[in-house]
Amino acid sequence: QVLVVESGGGLVQAGGSLRLSCTASGFSFDDYDLGWFRQGPGKEREGVACFSWIDGTTYYADSVEGRFTISRDNAKNTLYMQMNSLKPGDTAMYYCAAHLPLLHCLTPDDYNIWGQGTQVTVSS
């Protein structure tokens with residue numbers, strides 16, 4: 001069964017940090033684009049950070065560049081995202097997703113493997 005499961009969300013004060021994890025199973029983790037996405041209240045789902053299999057690099061949304069860091073442990077089939085200097089605007093449900101290599105790995109509509117999400121709430 002193809003599955004990704006997120007964890008690590010929670011309530012944190014502005015300026016604080018959280019580390020999200022996403023554990024995958026049922027597919028070849030190494031061969032996929034992997035990304036973190038979020039959907040805030042009343043907003044559309046947006047790309048936050050991703051690994052591109054095609055060029056072997058990471059991409060970040062402008063709003064999180066320099067504050068969030070995506071990483072992966074292929075041996076553990078796990079994707080991480082370290083989130084520092086959190087702001088109230090970062091409050092959202094955060095999702096992990098995977099797809100075979102894409103042209104643009106930050107586009108959520110292209111992904112077909114999704115987790116259930118983990119809630120991140122940043123208080124002011």
Side-chain angles (χ1 to χ4, degrees):
Q1 182 182 5
V2 173
L3 196 64
V4 292
V5 179
E6 305 94 337
S7 62
L11 174 64
V12 65
Q13 288 188 330
S17 299
L18 284 173
R19 188 194 194 203
L20 305 184
S21 299
C22 168
T23 302
S25 60
F27 62 97
S28 300
F29 189 78
D30 302 10
D31 296 333
Y32 277 64
D33 279 1
L34 302 168
W36 286 101
F37 301 84
R38 68 185 181 185
Q39 187 165 15
K43 298 181 180 179
E44 293 187 355
R45 192 170 295 189
E46 62 175 349
V48 178
C50 63
F51 278 100
S52 172
W53 187 92
I54 289 178
D55 58 17
T57 62
T58 55
Y59 292 88
Y60 295 90
D62 290 344
S63 58
V64 306
E65 183 84 50
R67 300 188 296 123
F68 292 10
T69 303
I70 190 173
S71 61
R72 63 194 292 171
D73 185 336
N74 289 340
K76 295 182 178 180
N77 279 8
T78 302
L79 180 71
Y80 303 98
M81 185 161 69
Q82 178 67 41
M83 304 186 297
N84 298 328
S85 302
L86 283 161
K87 305 174 181 179
D90 295 318
T91 294
M93 183 71 80
Y94 283 73
Y95 299 90
C96 170
H99 195 283
L100 288 169
L102 299 164
L103 191 58
H104 302 289
C105 68
L106 271 181
T107 304
D109 291 348
D110 293 337
Y111 283 74
N112 63 347
I113 300 172
W114 289 89
Q116 293 299 306
T118 185
Q119 178 67 38
V120 172
T121 302
V122 184
S123 63
S124 56

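Fair warning: this is a prediction, and the values are worked out from it, not measured in the lab. The figures that follow rest on heavy atoms only: side chains count, while hydrogens, waters and symmetry mates do not.
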query = Side chains of Asp110 and Asp33: closer than 4.5 Å at any heavy-atom pair?
reply = no

task = Sequence neighbours left out, what pairs pass disulfide (SG to SG under 2.5 Å) with at least one residue falling in residues 42-83?
result = Cys50-Cys105

message = According to salt bridge (Lys or Arg N to Asp or Glu O under 4.0 Å), does anything in residues 37-54 pair up with another residue at least two apart or in another chain? List the pairs.
response = Arg38-Glu46, Arg38-Asp90

ask   = Of the non-hydrogen atoms in Val12 and Leu86, which two are nearest, and what is the gap between them?
value = CG1-CD1, 3.6 Å

key: Val4 backbone acceptor or donor facing Trp114 side chain under 3.5 Å   = no

task = Provide the closest heavy-atom pair for Phe37 versus Ala97 in the form atom of the first, atom of the second, distance.
result = CE1-CB, 3.8 Å

inquiry  = Keeping Asn77 on the side-chain end and Thr23 on the backbone end, is there a donor-acceptor pair under 3.5 Å?
reply    = no

key: Closest non-hydrogen atom pair between Tyr60 and Thr69, with its separation   = OH-CA, 3.4 Å

ask   = Is it true that a side-chain atom of Glu6 and a backbone atom of Gln116 form a donor plus acceptor pair closer than 3.5 Å?
value = yes

note = On a heavy-atom basis, the closest approach of Gly115 and Tyr95 is O-CD2, 3.6 Å

ask   = Using 30° and 60° as the class limits, which term best fits the ring planes of Tyr111 and His99: parallel, tilted or perpendicular?
value = perpendicular

task = Give a yes-or-no answer on whether the side chains of Asn84 and Ser17 include a donor-acceptor pair shorter than 3.5 Å.
result = yes

query = Between Phe29 and Asp73, which heavy-atom pair has the shortest distance, and what is it?
reply = CE2-O, 4.1 Å

request  = Using modelled atom types only, decide if a donor and an acceptor are shared between the side chain of Arg72 and the backbone of Phe51 within a distance under 3.5 Å.
outcome  = no

